[in-house]
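For the single chain, residues carry numbers from 1 onward in sequence order.
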Amino acid sequence: MKTQWKSAFSHLTNLIMVLFLCTLAYKQYEIYRENQRYIDLKVEQKPTFSYFQGQRVQLDFPSQEQNNIALFWSTTCAPCKLEMKRLQRSIDQGHISAQKIVAINPWESQQLILKYLKKNSFSFHFLLEDNLSEKLQIYATPTAVYFENGKIVNIKSGMSFTGIWQAESFLK
């Protein structure tokens with residue numbers, strides 16, 4: 001009798017896992033489908049302020065002359081922190097330029113963001129003002145938006161094992 005219960009429990013556990021994975025895949029597909037609406041959208045360059053290597057500087061974003069990546073993140077998002085560390089490592093190794101990466105956190109206060117940045121060393125830009133997240137309706141973090149001469153060419157949401165290689169090849 002115990003063997004039957006163990007077998008039934010094992011099948012139920014497998015079924016729950018399959019349902020969970022299907023739900024997760026469906027949610028990712030919804031985000032992917034929503035992101036595709038903005039491919040080929042030309043975003044006007046506008047001057048804004050960013051926090052760059054400990055200084056408040058003016059930045060024209062997105063660049064109309066070069067490729068950029070905007071990473072939407074949050075201080076409470078573990079995958080975001082991992083992606084930012086991976087980007088920083090790639091910058092430190094000389095694979096990409098810090099000038100081409102912009103991190104955007106429109107959901108938290110500047111005070112909280114600056115407190116986080118003082119504890120963590122990153123050499124890329126952090127936008128202090130943003131309306132791009134509303135325009136693109138970005139709610140998932142991390143989300144990477146790839147700009148080619150001011151035009152959106154790709155949007156990826158969620159943790160990506162190949163994301164750093166895609167970023168490096170895009171920004172070369």
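A side-chain donor-acceptor contact under 3.5 Å links Asn105 and Glu108. Judged by distance alone, the side chains of Gln58 and Thr48 never bring a donor and an acceptor atom under 3.5 Å apart.
Judged by distance alone, with hydrogens and angles left aside, the side-chain atoms of Gln66 form no donor-acceptor pair with the main-chain N or O of Asn149 at under 3.5 Å. Between the Asn68 side chain and the Pro62 main chain, no donor and acceptor come within less than 3.5 Å of each other. Panel note: side chain Lys81, backbone Thr75; a donor-acceptor pair is recorded below 3.5 Å.
The distance from the CD1 atom of Ile113 to the CH2 atom of Trp107 is 10.0 Å, given to the nearest 0.5 Å. Here Ile91 contributes atom CD1 and Met84 contributes atom CE; the two are 11.5 Å apart, rounded to the nearest 0.5 Å. Here the NE2-CD1 distance, from His95 to Ile164, works out to 9.0 Å after rounding to the nearest 0.5 Å.
Ring geometry for Trp73 versus Tyr116: interplanar angle of 30 to 60°, hence tilted. Between Phe126 and Phe124, the ring planes are parallel. Angles under 30° get that label, and only those over 60° would be called perpendicular.
For Lys42, the side-chain hydrogen bond (donor to acceptor under 3.5 Å, both in side chains) partners two or more places apart in sequence, or in a different chain, are Gln64. Contacts of Glu168 classified as side-chain hydrogen bond (donor to acceptor under 3.5 Å, both in side chains), with partners at least two apart in sequence or in another chain: Ser90. For Lys151, the salt bridge (charged side-chain N to carboxylate O under 4.0 Å, His left out) partners two or more places apart in sequence, or in a different chain, are Asp40. Not counting sequence neighbours, Arg89 has no partner by the side-chain hydrogen bond (donor to acceptor under 3.5 Å, both in side chains) test.
Ring centers of Phe147 and Phe61: under 6.0 Å apart, within the cut-off.
Tyr146 places none of its side-chain heavy atoms less than 4.5 Å from the side chain of Ile155. At least one side-chain heavy atom of Leu87 sits less than 4.5 Å from a side-chain heavy atom of Leu71. Side-chain contact between Phe170 and Ile96: absent, with no pair of heavy atoms (C-beta onward) separated by less than 4.5 Å. Residues Ser157 and Pro142 fail the side-chain proximity criterion, which asks for heavy atoms closer than 4.5 Å. In this structure, Thr76 and Thr141 have side chains that are not in contact, with every pair of non-hydrogen atoms separated by 4.5 Å or more.
Counting all heavy atoms, side chain and backbone alike, Ala144 lies closest to Ile69 at CB-CG2, 4.2 Å. In terms of heavy atoms, Gln88 sits closest to Ser123 at OE1-N, 2.6 Å. His125 approaches Ser50 most closely through the heavy-atom pair ND1-OG, 2.7 Å.
Listed by first and then second residue, the disulfide bond (SG atoms under 2.5 Å apart) pairs involving residues 92-127 amount to none (not counting sequence neighbours).
Alongside Met159, the hydrophobic cluster contains Leu82 (criterion: ILVMFWY side chains under 4.5 Å).
Counted within 6.0 Å of CD on Glu44, heavy atoms from surrounding residues, nucleotides or ligands total 12 or fewer; the atom is thus considered open.
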